[in-house]
> 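Quick one: the structure is below, and I'll ask about it shortly.
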There are 2 protein chains.
Amino acid sequence: MPATRPHLDRDLKRKQILDAAEYLLLRSGYEATTMARVAGRAGVANNAVYWYFPSKDELLAAVLRRRQEQALARLPTSVATAVEEQILAMLAQLDEVANLTATVHERAEHSTAVAEMHEAFHSAADGLLRRLFRDAGLDETDASQAAKVMMALIEGIHLHERSRDSAARDDLVLWTLQRLAPNRPTADAQALPAASTTAMN
Amino acid sequence: MPATRPHLDRDLKRKQILDAAEYLLLRSGYEATTMARVAGRAGVANNAVYWYFPSKDELLAAVLRRRQEQALARLPTSVATAVEEQILAMLAQLDEVANLTATVHERAEHSTAVAEMHEAFHSAADGLLRRLFRDAGLDETDASQAAKVMMALIEGIHLHERSRDSAARDDLVLWTLQRLAPNRPTADAQALPAASTTAMN
DNA sequence: GCATTCTCTTGACTTTCGATCAAGACCGAT
DNA sequence: ATCGGTCTTGATCGAAAGTCAAGAGAATGC
């Protein structure tokens, strides 16, 4: 009988390719990250990548899926943390992949793999945000709306590379947060009542 | 001496190519809109397009620039119109090019033509929105923040094709508007009863 | 009329990149 | 040692953006 050769160091090679792809994608973007460059950086032949990932889009999806898992594990374990802090932590995490925001949405229109990864991401993020807004005192309906707004806001911000000014970006998110969930339980600073139109900045 | 031949029907041909490109881009997206298909639809040879537009990205930029001009001319001439109505009109305009949102931001990273067009668009839109929020009673600082939020929100929404449910999309924008500019002068009752509590998708 | 000179058109070509294929190298089990 | 599956590779394809050289067409100067 034949010998079914085990998958050897498949996982290791796979990881090396993922690392190479992530490195290149985050620095050079999708287009400049050719499969040849990924292979070169991972130390394999040009087309060996296709043995591990069926297409460039699946590779992109795999890179982002891995990042998402890592990011989720690294987020503050809520409960005790202030809502602002949690949202800013989320923003910071997504910041690192900001220059892939446009790419992901563009590729999701062509690749079901990217679309599914993206869908899963949004599902997770939406759940997280909804819970945050519930904790901040919104009812289920408002929390759902606020979560959608916050997600769209973050993605909209990340579409523009020029938002390199992270302070202004954080400011914008906090400014919005204050208006979407004005009366939070946490008595940090003054949660100004909706009547007052004065800005906080 | 030579005869400097005038530009003949340059503008007409240019318009035909723009029309063909717009038709294809809005329906099939950037990738499926090959220069060959644009040329075919416009009734010229494959590479004749390059006589009128130096590159595919410049063609994309030209298409969107033209649309922007048309859209600006078609927007309600403000003043008397309610803020909600104006924002929704803007949203509806952008809706028609929603499936190019991701593409534009992706291409802007590679093409200065697209980047400049996009920059001009944002400048115009930001001015418009800032004025709207000023009219709605916000001070300059808040109006500037609100304009940024609203723009990011709209782009964030348009990133996702699934927001085909325009009612839910309008709902989300109005819900946000109410929180960003709560005490508006216009006493058109509440154009948005908070009762529109239905969640979307 | 007719050649000149510029505007525009075209088919053929180059280059780049994602993806495929056939052939074989490697290795573990029998 | 040999068989069969796992992996690797060089060669190659197909599509699409963009280039090039040659030429068609028309308006002006003669």
Side-chain angles (χ1 to χ4, degrees), chain A residues 1-18 20-21 24-25 28-63 100 103-104 106-114, chain B residues 1-18 20-21 24-25 27-63 103-104 106-114:
Chain A
M1 280 297 257
T4 161
R5 188 186 184 199
H7 275 201
L8 240 62
D9 50 327
R10 186 165 179 81
D11 289 348
L12 175 65
K13 271 280 172 62
R14 207 185 133 90
K15 182 181 174 306
Q16 288 174 347
I17 292 175
L18 274 176
L24 292 171
L25 280 171
S28 325
Y30 182 81
E31 198 171 280
T33 301
T34 69
M35 295 300 260
R37 285 186 64 195
V38 171
R41 187 171 176 84
V44 299
N46 281 359
N47 42 356
V49 180
Y50 287 97
W51 183 257
Y52 297 92
F53 301 93
S55 74
K56 186 177 179 180
D57 284 320
E58 297 246 16
L59 178 55
L60 170 68
V63 165
L100 289 180
T103 297
V104 168
E106 152 81 10
R107 295 315 304 167
E109 294 168 19
H110 304 312
S111 154
T112 63
V114 176
Chain B
M1 280 304 255
T4 163
R5 188 188 183 196
H7 274 200
L8 240 62
D9 51 324
R10 184 164 181 82
D11 289 348
L12 176 65
K13 269 281 171 62
R14 207 184 132 92
K15 182 182 173 307
Q16 287 174 346
I17 293 175
L18 274 177
L24 292 171
L25 280 171
R27 277 165 188 74
S28 325
Y30 181 81
E31 197 171 279
T33 300
T34 70
M35 295 299 259
R37 285 185 64 196
V38 171
R41 187 172 177 83
V44 298
N46 281 358
N47 41 357
V49 180
Y50 287 97
W51 181 257
Y52 297 92
F53 301 93
S55 74
K56 185 177 180 180
D57 284 320
E58 299 246 14
L59 178 55
L60 170 68
V63 164
T103 298
V104 167
E106 153 82 10
R107 296 314 305 167
E109 294 168 19
H110 303 314
S111 153
T112 64
V114 176

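Order of the sequence lines fixes the chain letters, A, B, ..., with proteins taken first and strands second; residue numbering starts at 1 for each chain.
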> Closest to the Trp51(B) side chain: dC7(D), dG18(D), dT7(C)?
dT7(C)

> If you measure from OG on Ser55(B) to NE2 on His110(B), what distance do you get to the nearest 0.5 Å?
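It comes to 12.5 Å.
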
> Any idea which heavy atoms bring Arg37(B) and Ala32(B) closest together, and the distance?
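In terms of heavy atoms, the two residues are closest at NH1-O, 3.0 Å.
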
> Taking atom OH of Tyr30(A) and atom CG of Asp57(A), what is their separation to the nearest 0.5 Å?
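The CG atom of Asp57(A) is 3.5 Å from OH of Tyr30(A), to the nearest 0.5 Å.
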
> Below 3.5 Å is the cut-off: list the nitrogen or oxygen pairs between protein and nucleotides 13-15 of chain C, distance only.
none

> So, does Tyr52(B) get its side chain near the phosphate of dT9(C), meaning an N or O under 4.0 Å from OP1 or OP2?
yes

> For the pair made of CZ in Arg14(A) and P in dT6(D), what is the distance, rounded to whole Å?
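My rounded result for the distance is 16 Å.
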
> Find out whether Tyr52(A) and Leu18(A) are in side-chain contact, i.e. whether some heavy atom of one side chain is under 4.5 Å from a heavy atom of the other.
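Counting from C-beta outward, Tyr52(A) and Leu18(A) never come under 4.5 Å.
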
> Side chain of Ser55(B) only, heavy atoms from C-beta on: which candidate in dG18(D), dT10(C), dA19(C) is closest?
dG18(D)

> Between dG18(D) atom P and Leu59(B) atom CG, what is the distance in whole Å?
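Rounding to the nearest Å, CG of Leu59(B) and P of dG18(D) are 10 Å apart.
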
> Does some side-chain heavy atom of Val44(B) sit less than 4.5 Å from a side-chain heavy atom of Gln16(B)?
no

> In Å and rounded to the nearest 0.5 Å, what is the CZ to CG distance from Arg14(A) to Leu59(A)?
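It is 9.0 Å, given to the nearest 0.5 Å.
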
> Please identify which of these residues, Thr34(A), Val38(A), Val63(A), meets the side-chain contact (heavy atoms from CB on, under 4.5 Å) condition with Leu24(A).
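That would be Val38(A).
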
> The side chain of Tyr50(A) is closest to which nucleotide in this list: dT20(C), dT19(D), dT10(C)?
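Closest nucleotide to the Tyr50(A) side chain: dT20(C).
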
> So, taking the atom named OG1 in Thr103(A) and the one named CG in Leu25(A), what distance separates them when rounded to the nearest 0.5 Å?
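Between Thr103(A) OG1 and Leu25(A) CG, I get 8.0 Å after rounding to 0.5 Å.
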
> Could you state the CG-P distance from Asn46(A) to dG18(C), rounded to the nearest angstrom?
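One finds 10 Å between P of dG18(C) and CG of Asn46(A), rounded.
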
> Distances under 3.5 Å between protein N/O atoms and the N/O atoms of nucleotides 11-16 of chain D, please, pair by pair.
from    : atom 1 : to       : atom 2 : distance (Å)
dA11(D) : N6     : Asn47(A) : ND2    : 3.4

> Starting from P on dG18(C), measure out to CG on Leu60(A) and report it in whole angstrom.
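The distance from CG of Leu60(A) to P of dG18(C) comes to 12 Å, rounded to the nearest Å.
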
> What is the distance, to the nearest angstrom, from the CG atom on Leu12(B) to the C1' atom on dC8(C)?
14 Å

> I need the minimum non-hydrogen distance between Lys56(B) and Glu31(B), along with the two atoms involved.
NZ-O, 4.0 Å

> It should be established whether Lys13(B) places a side-chain nitrogen or oxygen under 4.0 Å from OP1 or OP2 of nucleotide dT9(C).
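Affirmative; the distance criterion is met.
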
